[in-house]
Amino acid sequence: MIMPDMDSRAHPQQRQFNPYTENGGTILAIAGYSIQTRYAPKVFRLTDRAVLAVNGFAADGNMFVKKVKQRLEWYRHAHAKDMPLRAIARLIQTMLYARRFFPYYVYNILGGIEEDGTGAVYSFDPVGSYEREACRAAGAAQSLVQPFLDNQIYFKNQQAAQGTSHPSHLPLETVLSIVIDSFTSATERHIEVGDGLEIFIALAKGRTLQGMESIRGLQELTVTEEGERLFVMRRDLKKD
């Protein structure tokens, strides 16, 4: 019989199991950024009175625009007219909400002319919640552009001069200047904002270009029988 060593009993020993061991080696990675294209269109003409701006996952956005256009084409064949803007907004809301459990990863902004001749903007989240607004920005530079719009369009944090009030409607030239300035500043400060700007302008019946004929890059797309006109303006933004 082997007797235990007296020294081993006097000094307790710790035993533990460790499934991991360090076998050495060195690794390194340097992160960059990936931009597939700088000139992908984000705005799509739905009718002669409505355009849809889509931002988010590009594949979902392209598929969603394709499905919306298909539904509008069915409506046009069935009723021999284009779907009104308010109805298009409801259609988009229904299509997005139907996919709420596996949603289209897109943020949509619908703009155009209502049946009563007023302009309207509808903004949507990916699951179909929507709201009619005066202005809305979405996308990578939303945090840069929206505060600027709140200040210039809604006149937040601005106090009118004594005896005056802020205008309820801005001239078209002023609005275009605000849009161009907002995207120019965004493309200088955010790497994911493209180098090209595409502006769609929908004019109600009886409205004129208000001296915009000389604007560079302005192109008329359609004129309806009722007199509404749709224009597009394209220009390059700042490049570094």
Side-chain angles (χ1 to χ4, degrees), residues 34 36-37 40-150 153-154 156 175 179 182-183 186 190 192-194 197-202 204 221-222 224 226 228 230 232:
S34 176
Q36 280 72 35
T37 178
K42 302 293 183 182
V43 186
F44 304 90
R45 182 170 68 92
L46 299 182
T47 69
D48 293 338
R49 301 176 180 175
V51 294
L52 180 65
V54 181
N55 190 272
F57 181 40
D60 278 359
N62 293 336
M63 179 56 66
F64 183 72
V65 170
K66 180 179 179 180
K67 288 183 176 294
V68 171
K69 287 184 175 182
Q70 184 182 54
R71 296 287 292 272
L72 294 178
E73 186 69 21
W74 293 347
Y75 182 93
R76 190 176 299 112
H77 289 320
H79 301 278
K81 65 176 184 178
D82 287 330
M83 184 180 291
L85 185 68
R86 187 185 302 269
I88 296 176
R90 185 63 177 175
L91 170 67
I92 292 175
Q93 186 271 334
T94 303
M95 294 176 65
L96 292 173
Y97 186 73
R99 286 283 302 270
R100 62 191 180 278
F101 297 115
F102 189 41
Y104 294 105
Y105 185 44
V106 290
Y107 293 85
N108 298 280
I109 299 178
L110 175 69
I113 301 174
E114 298 278 18
E115 291 182 292
D116 60 0
T118 60
V121 171
Y122 295 90
S123 61
F124 302 80
D125 71 1
V127 295
S129 298
Y130 76 109
E131 180 182 8
R132 179 173 175 174
E133 302 176 277
C135 66
R136 171 59 59 182
Q142 179 184 13
S143 60
L144 299 176
V145 175
Q146 190 62 50
F148 179 69
L149 295 179
D150 291 341
I153 303 297
Y154 290 122
K156 293 185 178 181
V175 172
V179 172
S182 63
F183 274 94
H190 202 295
E192 294 180 1
V193 178
L197 177 60
E198 194 173 51
I199 303 175
F200 280 77
I201 305 167
L221 296 179
T222 58
T224 66
E226 292 77 12
E228 288 91 357
L230 186 64
V232 63

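These numbers come from the heavy atoms of this one structure, side chains and all, not from hydrogens, waters or symmetry mates. Along the sequence shown, residues are numbered consecutively beginning with 1. This structure is a prediction, so every number in the text was calculated from the model and none was measured.
- A pairwise comparison of heavy atoms in Ala186 and Ala141 identifies CB-CB, 3.9 Å as the closest pair.
- Among His77, Lys69, Gln70, the one residue that satisfies the side-chain hydrogen bond (donor to acceptor under 3.5 Å, both in side chains) test with Glu73 is His77.
- Across all non-hydrogen atoms, the minimal contact from Cys135 to Leu149 is SG-CB, 4.0 Å.
- By the 4.5 Å heavy-atom criterion applied to side chains, Lys42 and Glu198 are not counted as neighbours.
- Remark: Arg100 CZ to Asp125 CG distance equals 13.0 Å, nearest 0.5 Å.
- Minimum heavy-atom separation, Arg132 to Gly119: NH2-O, 3.2 Å.
- Residues Asn108 and Val68 have side chains not in contact (no heavy-atom distance under 4.5 Å, counting atoms from C-beta outward).
- The two residues Glu133 and Ser123 come nearest to each other via the heavy atoms OE1-OG, 2.5 Å.
- In this structure, Leu144 and Val193 have side chains that are not in contact, with every pair of non-hydrogen atoms separated by 4.5 Å or more.
- At distances below 3.5 Å, at least one donor-acceptor pair connects side-chain atoms of Asp60 with backbone N or O atoms of Tyr105.
- How far OH of Tyr122 is from CZ of Arg136: 15.0 Å, rounded to the nearest 0.5 Å.
- Between Phe124 and Tyr130, the angle of the ring planes stays under 30°, which puts this pair in the parallel group of the 30/60° scheme.
- Contact record, Asn55 with Ala140: OD1-N, 4.3 Å, taken as the closest heavy-atom pair.
- How far CG of Leu72 is from CE of Met83: 5.5 Å, rounded to the nearest 0.5 Å.
- Counting heavy atoms from C-beta on, the side chains of Ile92 and Phe64 come closer than 4.5 Å.
- When the options Leu52, Thr222, Val232 are evaluated for a side-chain contact (heavy atoms from CB on, under 4.5 Å) with Arg45, the one that passes is Thr222.
- Side-chain atoms of Ile109 and Val121, non-hydrogen and from C-beta on, do get closer than 4.5 Å to each other.
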**Asked** Going through the checks in order, is the side chain to side chain contact (heavy atoms under 4.5 Å, CB included) test met by Thr224 and Asp82?
**Response** CA-CA 11 Å; Thr224 66; Asp82 287 330; over 6 Å; no

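- The closest donor-acceptor contact from the side chain of Tyr154 to the backbone of Ala134 lies under 3.5 Å.
- The distance from atom CG of Leu91 to atom CG of Leu96, rounded to the nearest 0.5 Å, is 9.0 Å.
- By the 6.0 Å contact criterion, CZ on Phe183 is open, its count of non-hydrogen atoms from other residues, nucleotides or ligands being 12 or less.
- You'll find the side chain of Glu228 stays beyond 4.5 Å of the side chain of Asp48, heavy atoms only.
- The distance from the CZ atom of Arg49 to the CG atom of Leu230 is 11.5 Å, given to the nearest 0.5 Å.
- Of all heavy-atom pairs between Pro103 and Phe101, the closest is CD-C, 3.7 Å.
- Surrounding OH of Tyr97 are at most 12 heavy atoms belonging to other residues, nucleotides or ligands under 6.0 Å away.
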